[in-house]
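Letters go in sequence order (proteins before strands), and every chain restarts at 1.
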Amino acid sequence: SQQGEEDPQALSIQEGENATMNCSYKTSINNLQWYRQNSGRGLVHLILIRSNEREKHSGRLRVTLDTSKKSSSLLITASRAADTASYFCATVTSGANSKLTFGKGITLSVRP
Amino acid sequence: KAGVTQTPRYLIKTRGQQVTLSCSPISGHRSVSWYQQTPGQGLQFLFEYFSETQRNKGNFPGRFSGRQFSNSRSEMNVSTLELGDSALYLCASSRRTSGRESYEQYFGPGTRLTVT
């Protein structure tokens, strides 16, 4: 069952623009992660944000986490055609033997 | 450091057959997880292995099983294949040791299984 739900399901932007993707989840979490997947290949880990963190940066990526609203957002600045991919948020709940639970993903298309 | 490798990359099987997929984690990673990805259900967790023991299991029928060897390599097996088992099967490894840690996972390229 999906814990995270991404929004929008699909996003199309022009190269150079910023892309904002949102993720909402249902239960308390230990951390939230964002992954990228190119065209049916393996996933690549982008960033991990812990439940006691509010914002994190990595290069052109900025992730925020609002545990009171149970939501997160991923911002990609100055997008490039190479950013075209599916993006997934995944949550890790607290407790022993927790596991990653993925949302259904957002398809991002960056037009050259 | 070599990444996660999965073999085979593509597989075509017939309903009723069984299949075994293999995964070699990143060197030093002892935790291996398996996921099934389909257009309809998205990414679904199958199971996680650590030190040759299944530590966590998703909501899949008993036809799906796995194991892990002493060198951390893992295999998953699906018996009595059904058309609905057609999917991309992804393996991921992590540095995770304790079940309570935060961890990032490193994914292999996947095995594309088609059941006809």
- CZ/B/Arg73: more than 12 non-hydrogen atoms of other groups inside 6.0 Å: yes
- Note on the structure: All heavy atoms of B/Leu88 vs all of A/Gln37, minimum pair found to be CD2-NE2, 4.0 Å
- Is B/Leu83 reachable from B/Val19 through a run of hydrophobic residues whose side-chain heavy atoms are each under 4.5 Å from the next? yes
- So which residues of residues 109-116 of chain B are in contact with chain A at a heavy-atom cut-off of under 4.5 Å? B/Pro109, B/Arg112
- Where on A/Leu100 is there a heavy atom nearer than 4.5 Å to chain B: the side chain, the backbone, both, or neither? both
- Might you confirm whether atom CG of A/Leu75 has over 12 heavy atoms from other residues, nucleotides or ligands at distances under 6.0 Å? yes
- Please flag which part of B/Gln37 lies under 4.5 Å from any non-hydrogen atom of chain A: side chain, backbone, both or neither. side chain
- With the 4.5 Å side-chain cut-off for hydrophobic clustering, are B/Tyr10 and B/Leu90 part of the same group? no
- Query: Between the side chains of B/Gln105 and A/Gln33, is a donor N or O closer than 3.5 angstrom to an acceptor N or O?
  - Reply: no
- Hphob cluster co-occupancy, A/Leu74 + A/Ile49, side-chain heavy atoms under 4.5 angstrom: yes
- Message: Applying a strict under-4.5 Å side-chain criterion to I, L, V, M, F, W and Y, I'd like to know whether B/Phe64 and B/Leu11 cluster together.
- Response: yes
- Task: For B/Asn59, look at atom CG and say whether over 12 heavy atoms of other residues, nucleotides or ligands are found less than 6.0 Å away.
- Result: no
- Step through the shown structure and confirm whether more than 12 heavy atoms of other residues, nucleotides or ligands are within 6.0 Å of CD on A/Gln9. no
- For A/Lys99 and B/Phe45, the nearest pair of non-hydrogen atoms, with its separation, is CD-CD2, 3.1 Å
- Rounded to the nearest 0.5 Å, how far apart are CZ of A/Arg36 and CZ of B/Phe107? 13.5 Å
- Evaluate whether atom CZ of A/Arg80 has more than 12 neighbouring non-hydrogen atoms of other residues, nucleotides or ligands under 6.0 angstrom away. no
- Atom CZ of B/Arg15 with >12 non-hydrogen neighbours under 6.0 angstrom: no
- Does the side chain of A/Leu43 come within less than 4.5 Å of B/Leu43's, by heavy atoms? yes
- Message: If I measure from the heavy atoms of chain A, does B/Tyr106 come under 4.5 Å with its side chain, its backbone, both, or neither?
- Response: neither
- Rounded to the nearest 0.5 Å, how far apart are OH of B/Tyr35 and OG1 of A/Thr101? 8.0 Å
